J.: 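Before I ask anything, here is the structure I am working with.
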Amino acid sequence: MPELPEVETVRCQLDAALPGREIVSVESVDPFILRDADAQDLPGLIEGRAFGSVTRAGKFLVLPLQGDVYLTIHLGMTGQLLIAPRGAEISHVRFSGLLHGGEDRLVFRDIRKFGRLHVTLGAPAARLSGLGPDAWIGDWDADFLRSRLNGRTAPLKAFLLDQRHLAGIGNIYADEILYGARLSPLRPAGTLTRPETERLAREIRERLGEGVRLRGCSISDFVDTEGAPGSFQDALRAYGRHGLPCASCGSPLVRTVVGGRGAAFCRYCQR
DNA sequence: CCCAAGTCCTGGTTGC
DNA sequence: TGCAACCAGGACTTGG
């Protein structure tokens, strides 16, 4: 699942490859994943415009084009952004644009169609304004976290998944963060003590940073723009490990459902 | 047949 | 009582 570290891995590669280059022609677009623009208008809107510097907000990628046009992409659950040779055979293509020079193309591939491509004239404020600060590099601290947690009865894991508080955490990193912070996913968010809040803040930055360093988690479909997997899946300590022993106490991790999502955790180490 | 995922949407509940 | 804030759960998609 593309979460913040996976999206950052892709952003980094796109920012090295795209600025200054233009989309010569839109080869295909699946109207299902397109938002804010019509498929027949798309070529006229983006063809011939060069990319600017690629940025990220939580799990959203923002690809600016000349003329105040923006491509804002969410990879959803199985989305991939590839820079692929023109001749490569690729399935489940939702958007394909030939890049200047004609040797390669920018491809948005998405098996399950949870991904979205927003095309807007002007910055994509409507899509991004509800997001909290970036969970990895955003300007926030334990006091901010405390103010957001305060008074909430929702389970801690649901809080971490809510992009309005912090942007970028998904199911995998939520499990890893809670394991590292020794906090139960079921813990009512508002009951954290100050030391627990500080532990949580530290784990959020560290686990996401580790994910970025390892170029993301390829436990399911994630690959970078060259089709290469990351390696965070080898560093998992909680996600998907229910039934396997806790690295700290040895008892089997358990699985439960929190906020409609599966959660694996150690019921002894995580309180 | 059912599960997994992230976001959006709806409808119900809580608390001031 | 009224209202906003909050929270749970379903829809969407499709391969395993």
Side-chain angles (χ1 to χ4, degrees), chain A residues 1-11 29-36 56-62 72-81 90-95 108-118 120 124-132 134-136 147-178 185-192 208 211 216-223 229-230 232-233 236 238-243 253-265:
Chain A
M1 279 62 64
E3 303 180 26
L4 188 153
E6 291 74 30
V7 178
E8 175 62 17
T9 299
V10 170
R11 186 207 65 78
V29 60
D30 182 343
F32 185 91
I33 59 119
L34 187 63
R35 294 293 183 279
D36 304 324
R56 180 185 59 75
K59 303 174 195 172
F60 287 89
L61 283 165
V62 181
T72 304
I73 296 171
H74 195 293
L75 296 174
M77 180 182 175
T78 55
Q80 304 171 346
L81 274 175
I90 303 173
S91 64
H92 304 97
V93 171
R94 307 303 172 193
F95 168 87
F108 184 7
R109 174 172 191 260
D110 188 11
I111 297 171
R112 295 196 189 168
K113 299 170 85 163
F114 271 33
R116 296 290 178 262
L117 167 62
H118 299 265
T120 57
R127 198 51 43 190
L128 307 180
S129 62
L131 298 178
D134 192 86
W136 180 44
S147 71
R148 288 300 192 123
L149 289 164
N150 192 32
R152 285 175 201 277
T153 59
L156 191 50
K157 175 152 179 178
F159 174 90
L160 290 178
L161 293 175
D162 189 337
Q163 307 295 302
R164 293 172 300 183
H165 302 308
L166 287 176
I169 301 169
N171 210 34
I172 295 172
Y173 291 90
D175 274 7
E176 295 304 303
I177 288 163
L178 290 168
L186 299 168
R187 182 79 174 272
T191 65
L192 263 60
L208 293 175
C217 180
S218 297
I219 201 161
S220 61
D221 303 86
F222 173 73
V223 291
F232 188 77
Q233 67 277 6
L236 292 173
Y239 178 83
R241 294 180 54 82
H242 46 279
L253 301 185
V254 295
R255 183 184 183 280
T256 186
V257 174
V258 188
R261 299 285 170 265
F265 69 107

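So that the names make sense, note that chain A is the first sequence line, chain B the second, and so on, each numbered from 1. Predicted model, so just to flag it, every value in this text is computed and none were measured.
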J.: OP1 or OP2 of B/dA5 versus the side-chain N and O atoms of A/Y239: is any pair under 4.0 Å?
T.: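 Checking B/dA5 against A/Y239, a side-chain N or O does come within under 4.0 Å of OP1 or OP2.
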J.: Looking only at the side chain of A/A154 (C-beta and beyond, no hydrogens), which of the listed nucleotides C/dC7, C/dG15, B/dG6 gets closest?
T.: C/dC7
J.: If you check every side-chain atom of A/Q163, which of C/dC7, C/dC12, B/dT7 has the closest atom?
T.: B/dT7
J.: With distance as the sole test, does A/Q80 use its side chain to make a donor-acceptor pair with the main-chain N or O of A/R109 at under 3.5 Å?
T.: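 Judged by distance alone, no pair lies under 3.5 Å.
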J.: If I take atom CD in residue A/Q233 and atom P in nucleotide B/dA5, what distance separates them, rounded to the nearest angstrom?
T.: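 Atom-to-atom, A/Q233 to B/dA5, this comes out as 16 Å.
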J.: Are A/F265 and A/V254 packed together at the side-chain level, in the sense that at least one heavy-atom pair is separated by less than 4.5 angstrom?
T.: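 The answer is yes, as the side chains (C-beta and beyond) meet within the 4.5 Å cut-off.
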J.: With distance as the sole criterion, do the side chain of A/R112 and the base of C/dT14 form a donor-acceptor contact below 3.5 Å?
T.: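 Answer is yes: a donor-acceptor pair is held.
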J.: Answer with base, sugar-phosphate or nothing: what part of the nucleic acid does A/G151 contact at a heavy-atom distance below 4.0 Å?
T.: nothing
J.: Nearest whole Å is fine: how far is B/dT7 P from A/L61 CG?
T.: 13 Å
J.: With the threshold set at 4.0 Å, does a side-chain nitrogen-carboxylate oxygen contact exist between A/R241 and A/D175?
T.: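 Looking at A/R241 and A/D175, the cut-off is not met.
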J.: Can you tell if the side chain of A/L161 reaches within under 4.5 Å of the side chain of A/R261, non-hydrogen atoms only?
T.: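 Touching, per the 4.5 Å side-chain cut-off.
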J.: Nearest whole angstrom, please: distance from the P of C/dG9 to the CZ of A/R261.
T.: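 Interatomic distance, CZ of A/R261 to P of C/dG9: 12 Å.
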J.: Give a yes/no on whether any side-chain N or O of A/H92 is located under 4.0 angstrom from OP1 or OP2 of C/dT14.
T.: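 False: A/H92 side-chain N/O out of range (4.0 Å or more) of C/dT14 OP1/OP2.
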J.: Separation of A/I33 atom CD1 from C/dT13 atom C1', in whole Å?
T.: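 That distance rounds to 13 Å.
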J.: May I have the distance from A/L161 (atom CG) to B/dG6 (atom P), rounded to whole angstrom?
T.: 7 Å
J.: Tell me the interatomic distance from A/R35, atom CZ, to B/dC8, atom P, rounded to whole angstroms.
T.: 10 Å
J.: Quick check for you: among C/dT13, C/dC7, B/dT7, whose closest atom lies nearest to any side-chain atom of A/K113?
T.: C/dT13
J.: Less than 3.5 Å between a donor and an acceptor, one on the side chain of A/R152 and one on the base of B/dT14, is that the case here?
T.: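 Under the 3.5 Å cut-off, the side chain and the base do not form any donor-acceptor pair.
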J.: OP1 or OP2 of B/dT7 sitting under 4.0 Å from any side-chain N/O of A/H74?
T.: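 Yes, because at least one side-chain N or O of A/H74 sits under 4.0 Å from OP1 or OP2 of B/dT7.
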J.: Return the nearest nucleotide to the side chain of A/P155; candidates are B/dT7, C/dA8, C/dC7.
T.: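 So the side chain of A/P155 is nearest to C/dA8.
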J.: How long is the line joining CZ of A/R148 and P of C/dC7, in whole Å?
T.: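 In whole Å, C/dC7 P lies 12 Å from A/R148 CZ.
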J.: Can you check the A/K59 NZ to B/dC8 P distance for me, whole Å?
T.: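 Rounded to whole Å, this separation is 11 Å.
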J.: Mind checking whether A/H165 and A/F159 have parallel, tilted or perpendicular rings, split at 30° and 60°?
T.: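 Plane angle under 30°, so parallel.
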J.: Using a heavy-atom cut-off of 4.0 Å across all strands, would you classify A/T78 as base, sugar-phosphate, or nothing?
T.: nothing
